Amino acid sequence: MAIKSTIFKAALSVSDMDRNYYADHALTIACHPSETAERMMVRVLAFALNAHEYLVFGKGISDVDEPDLWQKDLTGAIRMWIDVGLPDDKRIRRACGRAGAVRVYSYGGHAAGLWWRQAGGKLERSSNLAVIDVPQAASRALAK
């Protein structure tokens, strides 16, 4: 029998003066059995930093065709694709072709640096991609 995801609930109040965005969000976060608390909390951080009324959690880790978070417009077009961790460069290049903006929140300290050295040359050409490295101390603190 497969282990089911653990469901967490969070109340998030966002006051982003740079984007002029102010809203409260009631989040329901499904933590996949293979997902660490650190990864789940980096997903929550990514939500907080990109909060929007249409931003939702995707299937991410359990479905290769969906990101960890995404924002679609009313026509179904993908405005924002957000992945967490150290995704495959082919996945990110494909996302750059599908979405208006792509963000990757990498974490893991030295492993994130190695990932960027391997994938960076292939990804640097994508004008709609931003890679944000979450310092290891910060991601571990979030997990606690």
Side-chain angles (χ1 to χ4, degrees), residues 5-144:
S5 295
T6 305
I7 304 299
F8 293 91
K9 301 239 181 212
L12 181 67
S13 182
V14 178
S15 296
D16 188 337
M17 296 186 331
D18 292 334
R19 293 187 304 137
N20 201 25
Y21 181 79
Y22 307 92
D24 293 324
H25 296 272
L27 304 179
T28 300
I29 306 132
C31 184
H32 192 271
S34 66
E35 184 176 36
T36 64
E38 184 176 20
R39 185 179 191 288
M40 182 187 72
M41 291 308 296
V42 173
R43 284 195 300 135
V44 173
L45 173 67
F47 186 97
L49 293 173
N50 297 281
H52 186 276
E53 64 181 314
Y54 298 130
L55 184 66
V56 296
F57 289 100
K59 294 181 182 174
I61 203 168
S62 61
D63 186 341
V64 296
D65 292 328
E66 283 193 22
D68 292 305
L69 297 122
W70 58 1
Q71 175 189 330
K72 293 182 180 181
D73 66 16
L74 295 175
T75 68
I78 303 169
R79 294 289 172 207
M80 175 82 66
W81 177 291
I82 300 172
D83 267 337
V84 169
L86 311 174
D88 182 63
D89 63 277
K90 291 177 188 170
R91 173 184 169 85
I92 298 304
R93 286 194 317 249
R94 189 170 57 246
C96 287
R98 293 177 64 191
V102 177
R103 296 210 174 119
V104 175
Y105 287 84
S106 65
Y107 67 96
H110 182 66
L114 289 174
W115 170 77
W116 182 249
R117 279 193 284 285
Q118 289 180 331
K122 298 171 188 169
L123 297 176
E124 285 176 330
R125 296 182 290 262
S126 301
S127 61
N128 61 339
L129 172 66
V131 177
I132 299 95
D133 183 43
V134 179
Q136 190 170 30
S139 63
R140 286 184 176 170
L142 284 170
K144 290 181 181 180

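Keep in mind that the numbers below use all heavy atoms, side chains included, and drop hydrogens, waters and symmetry copies. What you see is a predicted model, and the numbers here were worked out from it, not measured in a lab. Quick note: residue numbers are just sequence positions, from 1.
Rounded to the nearest 0.5 Å, atoms CZ (Arg125) and SG (Cys96) are 11.0 Å apart. One finds the CG atom of Asn50 at 5.0 Å from the CE atom of Met80 (value rounded to the nearest 0.5 Å). Here the straight-line distance linking atom OG1 of Thr6 with atom NE2 of His32 works out to 10.5 Å at 0.5 Å rounding. For the atom pair CD of Glu53 and NE2 of His25, the computed distance is 8.5 Å after rounding to the nearest 0.5 Å. Annotation: the span from Ile29 atom CD1 to Lys9 atom NZ amounts to 9.5 Å, rounded to 0.5 Å. Between Cys31 atom SG and Arg43 atom CZ the span is 7.0 Å, to the nearest 0.5 Å.
In this structure, the side chain of Asp73 does not engage the main chain of Arg79 through any donor-acceptor pair within 3.5 Å. The backbone N or O of Ala51 lies less than 3.5 Å from a partner atom in the side chain of Arg19, making a donor-acceptor pair. Looking at Trp81, its side chain never comes within 3.5 Å of a backbone N or O of Ile92 through a donor-acceptor pair. When atom types are taken as modelled, the side chain of Asn128 and the backbone of Val102 share no donor-acceptor pair closer than 3.5 angstrom. In this structure, Asp89 contributes its side chain and Lys122 its backbone to no donor-acceptor pair below 3.5 Å.
Ring geometry, Phe57 versus Phe47: the interplanar angle falls under 30°, so the pair is classed parallel (tilted spans 30 to 60°).
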* To do: Give the C-alpha distance, both sets of side-chain angles, the deciding distance and a yes or no for side-chain contact (heavy atoms from CB on, under 4.5 Å) between Val56 and Trp70.
  => CA-CA 6 Å; Val56 296; Trp70 58 1; 3.6 Å; yes
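No more than 12 heavy atoms of other residues, nucleotides or ligands lie within 6.0 Å of OH in Tyr54, so this atom counts as exposed by the packing criterion.
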For residues 129-141, which side-chain donor-acceptor pairs fall under 3.5 Å, sequence neighbours excluded?
unit_1 : atom_1 : unit_2 : atom_2 : d
Asp133 : OD1    : Ser106 : OG     : 3.1
Ser139 : OG     : Glu38  : OE2    : 2.5
Ser139 : OG     : Gln136 : O      : 3.1

